[in-house]
Amino acid sequence: MKIASTIEEVRKYIIEWKKEGFSVGLVPTMGYLHEGHESLIKKSASDNDKTVVSVFLNPIQFGKNEDLDTYPSDIDRDLNKCKNCGADLIFTPQVSEMYFNDFCTYVNVDNLTKGLCGAKRPGHFKGVCTIVSKLFNIVTPDKAYFGQKDAQQLAVIKRMVRDLNFNIKIIGCPIVREEDGLAKSSRNSYLSSEERKASLILYKSLMKAKKLFEKNEFDSNKIKQNIIEVINTEPLAKIDYVEIVDNTSLKPVNEIKNSTLIALAVYIGKTRLIDNIILGGKKNELAHA
Ligand code: PAF
């Protein structure tokens, strides 16, 4: 496995690989990898001849009062995981490699970024779309892999790729959960043991929604009300949002039918966790991959 910290090095490897006719998969990450990331790397390694994993804590996608300074990191552990999952190249640039001091060009996807996390984290998706576009231009992958856990991010990136004609296939991969249902996240490491127990309320509320849907309850308001009631039984939980939207347009829907996304963000103590479920698509997706 190769490790590169400059754009020039990455481009050299990519040119060599493309000359050989190899297909390239990209897994963008911010490090502190967990089984969710590992599933993306393994999927890319099985789909492509070469897999590039970027490990870059992207400062421009964090708001002023967010956790950029405390975001967990452990590059040696990450490198090991990447190697075990079949990655070929790890790109770990410094901030100065990715952003000139006078950097002033951004990619912004409108509309889809107005609600959900976009409403709560102004500028977040502009930062995500900008860094992902830069990585796409540097790595020029055939396919890029993103987790369904960040459902809005996945929908926004798919739209960006469509609208800006990136010749890259975006592959969304199922949420990976702990045995008890908590969605894997680097931010789970912030939770105390009491908060860890309390965090299960996100999954429980989504399971309640799924059960209601399976009993033919399609009314978004009723389902939303039930989710809110379940979350409010947990004293350590504070709802940031609960939204029921179309999974592609991210527009609110009154009735759950075709591929509807139920997305939530909940503070457990100071830690903001997100989770989601898709109902009414080909099959209900609350994956335990
Ligand atoms: O999902 C993430 O970890 C980040 O938003 C991403 C896609 C790596 C961009 O920094």
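Side chains are part of it too, since the values below use all heavy atoms of this structure and drop only hydrogens, waters and symmetry mates. All of these numbers come straight from a predicted model, not from anything done at the bench. Note that ligands are numbered from 1 as they come in the structure, with each ligand's atoms numbered from 1 the same way.
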Check step by step if side chain to side chain donor-acceptor pair (under 3.5 Å) holds for K208 and N226.
CA-CA 7 Å; K208 176 77 191 274; N226 272 275; 3.2 Å; yes
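Side-chain N/O atoms of Y145 and D47 include a donor and acceptor closer than 3.5 Å. Side-chain contact annotation: D67 with T70, donor-acceptor N/O pair under 3.5 Å absent. A donor atom on one side chain and an acceptor atom on the other are not found under 3.5 Å apart for K143 and S23.
Counting atoms of ligand 1 from 1 in the listed order, those under 4.0 Å from a heavy atom of I131 are 9 (C), 10 (O). When each atom of ligand 1 is checked for a heavy atom of P28 under 4.0 Å away, the hits are 8 (C).
Nearest protein heavy-atom contact of atom 5 (O) of ligand 1 is Q153 OE1, 2.7 Å. The protein atom (non-hydrogen) at minimum distance from atom 10 (O) of ligand 1 is Q61 OE1, 2.6 Å. Among all non-hydrogen protein atoms, the one lying nearest atom 3 (O) of ligand 1 is M30 CG, 3.7 Å.
A distance of 6.0 Å or more separates the ring centres of F56 and F91.
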